[in-house]
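Bear in mind that the values here come from a model prediction, so they are computed numbers and not experimental data.
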Amino acid sequence: MSASYTEMEFRVPPELTELWSWHCFESGASGIETVSESESSVQMRVFFPGRFELNVEQLLEGFHREFANSGPFIQQVGQALKPVQDWQAEWRQYFPPVNIGRSLRVVPPWHQERSSERQFLVIDPGQGFGTGHHESTALVLTMLEEHLRTLPVPPELMIDVGIGSGILSIAGCLLGVRRALGVDLAAEAVAEVSRNASLNGVSERIVAWVGAPEQLAQPAPLVVSNMLWHELRSVREDLVRLTLPGGFFICSGLLHEQAVAFARELADAGMTLLHQESRNEWSGLLLRKS
């Protein structure tokens with residue numbers, strides 16, 4: 001672990017907090033804390049392991065270019081490099097266990113509780129997005145669990161596009177999927193998949209690659225993806241190609257209006273919308289390929 005961490009503080013319009021949190025995690029953040037809230041702004045601390053390598057102006061400009069180019073705007077109000085001892089003592093409070101769906105309980109590896117009727121899914125928070133605390137992750141996990149409950153036999157193979165921490169692939173395997181294959185452009189995220197898979201005893205059933213879905217040739221009866229709309233759209237043809245005829249595709253990371261638009265685009269490619277589920281401002285889709 002790095003000997004230090006970077007703590008940044010931002011003033012964020014309330015309507016942008018979810019998207020800003022996602023953007024920070026995608027940029028390598030390990031944790032986020034809400035310091036204070038008012039009607040006009042939310043004060044948020046964002047924690048990055050080590051010394052922050054990106055230009056903060058680029059971090060902000062990238063966000064506003066992608067999501068909020070007409071304002072209101074996010075402002076940085078502080079930044080400090082702190083020793084990791086303080087971080088180790090504090091950061092674990094931001095990753096408490098969380099129950100998801102009917103049967104899953106996502107816990108960090110340092111959590112001692114193991115007496116529960118739920119299936120424990122152990123995830124070590126790191127640079128791979130997906131701890132179960134973000135609503136889009138919880139949404140796609142819930143939809144995945146419900147979908148697998150409807151099948152007489154779990155699929156032999158699941159493809160996870162944008163595998164992140166590996167949470168979706170691990171959940172799939174714990175719920176009966178035989179094997180999972182995932183890809184992600186972030187090498188540091190893929191490196192964490194094997195650790196998380198090992199924590200859950202499914203190392204031999206999950207393979208993760210650094211790269212884009214276009215590198216995958218074998219389609220699967222189930223494809224999942226938890227990415228933002230522009231990311232999903234950029235690989236839409238591969239998502240359709242990798243889903244076997246008669247197979248299913250589950251995705252989240254979409255705001256409501258984006259989900260409607262993306263479902264329409266997928267329908268034009270031969271995918272039938274079976275179910276749309278929402279959680280606050282986020283939506284998930286379940287589709288079947290003709």
Side-chain angles (χ1 to χ4, degrees), residues 100-104 119 121 130 132 135-184 193 202 205-209 212-229 231-254 256 258-279 282-290:
I100 294 177
R102 299 192 195 189
S103 65
L104 294 173
Q119 169 70 61
L121 200 173
E135 288 177 327
S136 69
T137 307
L139 186 58
V140 73
L141 281 170
T142 300
M143 295 183 72
L144 174 63
E145 179 191 39
E146 289 301 317
H147 170 65
L148 291 175
R149 280 178 175 270
T150 68
L151 302 178
V153 179
E156 283 290 315
L157 176 65
M158 181 178 92
I159 291 177
D160 187 349
V161 177
I163 191 170
S165 67
I167 189 169
L168 301 184
S169 291
I170 294 167
C173 288
L174 293 177
L175 293 169
V177 175
R178 185 68 177 170
R179 294 185 301 118
L181 176 62
V183 291
D184 202 299
V193 174
V202 293
R205 295 162 61 189
I206 298 176
V207 176
W209 297 83
E214 65 185 22
Q215 298 172 261
L216 301 178
Q218 181 185 1
L222 176 60
V223 177
V224 298
S225 187
N226 183 30
M227 302 193 297
L228 293 175
W229 188 34
E231 296 172 322
L232 289 166
R233 295 185 76 199
S234 70
V235 296
R236 182 182 59 210
E237 292 182 3
D238 287 306
L239 294 172
V240 174
R241 175 182 61 84
L242 291 170
T243 307
L244 280 170
F248 299 88
F249 173 54
I250 301 173
C251 67
S252 188
L254 300 158
H256 299 324
Q258 295 172 346
V260 172
F262 193 53
R264 190 178 301 120
E265 294 175 1
L266 290 172
D268 292 339
M271 305 281 275
T272 301
L273 179 63
L274 301 180
H275 179 60
Q276 179 175 338
E277 189 165 329
S278 299
R279 184 169 296 192
W282 298 96
S283 284
L285 302 173
L286 168 65
L287 306 101
R288 186 169 189 172
K289 186 174 180 179
S290 300

What residue pairs, at least two apart or across chains, pass side chain to side chain donor-acceptor pair (under 3.5 Å) with a residue in residues 241-253?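 Qualifying pairs: Asp238-Arg241.
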Scan residues 173-183 for pairs that pass side chain to side chain donor-acceptor pair (under 3.5 Å), counting only residues two or more places apart or in two chains.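 Listed once each, the pairs would be none.
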With sequence neighbours left out, write down each residue that passes ring pair (Phe, Tyr, Trp, His ring centres under 6.0 Å) with Phe249, or none if nothing qualifies.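 None.
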Using the side-chain contact (heavy atoms from CB on, under 4.5 Å) criterion, which residues pair with [X]? Sequence neighbours excluded.
X      : value
Gln119 : Leu104, Leu174
Leu244 : Pro219, Pro221
Ala269 : Val240
Ala259 : Leu254, Gln276, Ser283, Leu285

Should we count CH2 of Trp209 as having more than 12 external heavy atoms under 6.0 Å?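 No, the 6.0 Å shell around CH2 holds no more than 12 heavy atoms from other groups.
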Which distance, rounded to the nearest 0.5 Å, do you find between the [atom1] of [X] and the [atom2] of [Y]?
X      : Y      : atom1 : atom2 : result
Leu222 : Met158 : CG    : CE    : 6.0 Å
Leu148 : Ile250 : CG    : CD1   : 6.5 Å
Cys251 : Leu144 : SG    : CG    : 12.5 Å
Glu277 : Trp282 : CD    : CH2   : 15.5 Å
His275 : Leu287 : NE2   : CG    : 11.0 Å
His147 : Leu175 : NE2   : CG    : 11.5 Å

Partners of Arg233 by side-chain hydrogen bond (donor to acceptor under 3.5 Å, both in side chains), sequence neighbours excluded?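 If we apply the side-chain hydrogen bond (donor to acceptor under 3.5 Å, both in side chains) test to Arg233, skipping adjacent residues, the hits are Glu265.
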List for me each residue that meets side-chain hydrogen bond (donor to acceptor under 3.5 Å, both in side chains) alongside Glu145, sequence neighbours excluded, and say none if there are none.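 In terms of side-chain hydrogen bond (donor to acceptor under 3.5 Å, both in side chains), with neighbours along the sequence ignored, Glu145 is linked to Ser103.
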Test Glu146 against Leu286 for side-chain contact (heavy atoms from CB on, under 4.5 Å), laying out the working first. CA-CA 10 Å; Glu146 289 301 317; Leu286 168 65; over 6 Å; no
Of all residues at least two apart in sequence or in a different chain, which pass the salt bridge (Lys or Arg N to Asp or Glu O under 4.0 Å) check with Arg149? none
Applying side-chain contact (heavy atoms from CB on, under 4.5 Å) to Ile163 and Leu168, what does each step give before you reach the verdict? CA-CA 7 Å; Ile163 191 170; Leu168 301 184; over 6 Å; no
If I compare all heavy atoms of [X] with all of [Y], which pair ends up nearest, and what's the gap?
X      : Y      : result
Gly253 : Asn226 : N-OD1, 3.5 Å
Gly284 : Leu139 : N-CD2, 3.2 Å
Cys173 : Val202 : CB-CG1, 4.0 Å
Val161 : Pro213 : CG1-CG, 4.0 Å
Asp184 : Gly162 : OD2-C, 3.3 Å

With side-chain contact (heavy atoms from CB on, under 4.5 Å) as the test, would you mind laying out the steps for Glu237 and Glu214 before giving the verdict? CA-CA 9 Å; Glu237 292 182 3; Glu214 65 185 22; over 6 Å; no
Donor-acceptor contact present, side-chain Gln215 to main-chain Ala212, <3.5 Å: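 Checking the backbone N and O of Ala212 against the side chain of Gln215, a donor-acceptor pair under 3.5 Å is found.
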Answer yes or no: is there a donor N or O on one side and an acceptor on the other, between the side chain of Arg288 and the main chain of Gly246, under 3.5 Å?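 Confirmed, Arg288 side chain pairs with Gly246 backbone.
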Do Thr142 and Arg279 have side chains that approach each other closer than 4.5 Å (heavy atoms only, starting at C-beta)?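 Yes, side chains in contact.
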When you look at Ile170 and Ile167, which way does the side-chain contact (heavy atoms from CB on, under 4.5 Å) test go after all the steps? CA-CA 5 Å; Ile170 294 167; Ile167 189 169; 5.8 Å; no
